[in-house]
Amino acid sequence: MNKFVAQQVMSGTQGEVWIDGKYMAEVTAFKAEIKLIKEEVNQVKTMSKQYKVTGWEGTGNVKMNHVSSYFINLMADNIRNARQTVATIRVKLDDPDAVGREEVIIRDATFDKLTLMDWEAKKLTEDDYDFTFTDYEVPVTADA
């Protein structure tokens, strides 16, 4: 049996994000998840509910310190011209104390909103963007 080693728990401080190849040093949090879409399957002679997976939905969120107009530059013209902004997001978590690193490439990401301005006196400004996606890849790494 393997012994649990506390320092091998991954720290989010070692996370990195690239959006369309641009390194986003200002990111403070990132989350992407898959929600399975299921349909109930009825069956005689059983009291339990049973389900069949019929699809999935990819959603996520990126939070960052506001240091530039990156999202305005990325999406504003597209919104005004009725075009959808589609991005590729690469995320890596590589803690030197952990057993290995994790990396995911999210494809066809579309953001749910565009914040044009949001600030308050004596407070640091942050950006917080929800997104959906239709494809992803988990690259095979030498550490896996």
Side-chain angles (χ1 to χ4, degrees), residues 2 4-43 46-144:
N2 292 338
F4 175 76
V5 181
Q7 58 266 37
Q8 291 178 341
V9 174
M10 291 188 155
S11 168
T13 302
Q14 304 302 326
E16 297 178 281
V17 175
W18 292 260
I19 298 177
D20 286 339
K22 180 180 177 359
Y23 183 67
M24 309 300 290
E26 59 270 34
V27 169
T28 59
F30 185 89
K31 181 177 185 176
E33 60 188 6
I34 301 285
K35 178 183 177 187
L36 298 178
I37 300 168
K38 300 184 280 185
E39 295 287 330
E40 186 176 338
V41 177
N42 292 312
Q43 183 178 357
T46 183
M47 297 296 289
S48 65
K49 284 188 175 183
Q50 298 181 47
Y51 299 92
K52 168 79 174 173
V53 174
T54 59
W56 62 271
E57 175 184 28
T59 61
N61 178 271
V62 60
K63 293 180 184 176
M64 57 186 68
N65 294 309
H66 182 81
V67 297
S68 72
S69 298
Y70 176 78
F71 279 95
I72 291 174
N73 294 331
L74 180 68
M75 297 187 331
D77 284 344
N78 284 346
I79 291 170
R80 292 186 72 198
N81 293 301
R83 290 190 310 258
Q84 185 168 322
T85 301
V86 180
T88 298
I89 304 172
R90 181 175 156 231
V91 186
K92 183 171 72 168
L93 186 55
D94 192 5
D95 188 328
D97 271 340
V99 175
R101 71 183 178 107
E102 294 181 348
E103 183 173 352
V104 176
I105 299 169
I106 295 169
R107 303 193 191 287
D108 303 325
T110 58
F111 295 95
D112 296 353
K113 68 176 181 181
L114 173 60
T115 302
L116 296 175
M117 190 69 62
D118 184 8
W119 58 269
E120 188 175 334
K122 297 186 181 184
K123 289 197 176 184
L124 298 176
T125 56
E126 295 180 322
D127 291 325
D128 186 349
Y129 285 98
D130 293 325
F131 61 90
T132 58
F133 60 95
T134 62
D135 196 13
Y136 66 96
E137 174 187 347
V138 180
V140 178
T141 65
D143 298 336

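Please read all numbers here as calculations on a predicted model, not as lab measurements.
- Counting only heavy atoms from C-beta outward, the side chains of Thr115 and Tyr129 approach each other to under 4.5 Å.
- Around the NZ atom of Lys22, the shell of radius 6.0 Å holds more than 12 heavy atoms that belong to other residues, nucleotides or ligands.
- The side-chain heavy atoms of Trp119 and His66, taken from C-beta on, include no pair separated by under 4.5 Å.
- For the atom pair CD of Glu26 and NZ of Lys63, the computed distance is 15.5 Å after rounding to the nearest 0.5 Å.
- Judged purely by atom type and a 3.5 angstrom limit, Asn65 has no side-chain atom pairing as donor or acceptor with the backbone of Glu126.
- Between Thr85 and Leu114, every side-chain heavy-atom pair lies at or beyond the 4.5 Å cut-off.
- Rounded to the nearest 0.5 Å, atoms OG1 (Thr125) and CE (Met117) are 10.0 Å apart.
- Sequence neighbours left out, the pairs with a member in residues 77-92 that pass salt bridge (Lys or Arg N to Asp or Glu O under 4.0 Å) are Glu16-Lys92, Arg90-Glu103.
- Between the CG atom of Leu116 and the CD1 atom of Ile79 there is a distance of 7.5 Å, given to the nearest 0.5 Å.
- Taking CG of Asp127 as the start and CE of Met64 as the end, the distance is 6.5 Å to the nearest 0.5 Å.
- In this structure the side chain of Leu93 never reaches within 4.5 angstrom of the side chain of Phe30, judged on heavy atoms.
- Among pairs with a residue in residues 86-107, none fulfils ring-ring contact (aromatic ring centres under 6.0 Å, His included), at least two apart in sequence or across chains.
- Residues Ile19 and Ala87 approach most closely at CG2-CB, 4.1 Å, considering heavy atoms.
- Closest approach of Asn61 to Phe131, counting heavy atoms only: N-CE2, 3.3 Å.
- For Lys35, the side chain to side chain contact (heavy atoms under 4.5 Å, CB included) criterion is met by Glu57, not counting sequence neighbours.
- Between Thr59 and Asp130, every side-chain heavy-atom pair lies at or beyond the 4.5 Å cut-off.
- Here the straight-line distance linking atom CZ of Arg107 with atom OH of Tyr136 works out to 12.5 Å at 0.5 Å rounding.
- Atom CG of Asp108 is separated from atom CD1 of Ile89 by 10.5 Å, given to the nearest 0.5 angstrom.
- Ring pair Phe133/Trp56 is tilted by interplanar angle, where 30° to 60° counts as tilted.
- Using a 4.5 Å cut-off on side-chain heavy atoms (C-beta onward), Leu36 and Ile34 make contact.
- In plain terms, the two heavy atoms of Tyr51 and Glu40 that are nearest each other are CD2-CA, 3.8 Å.
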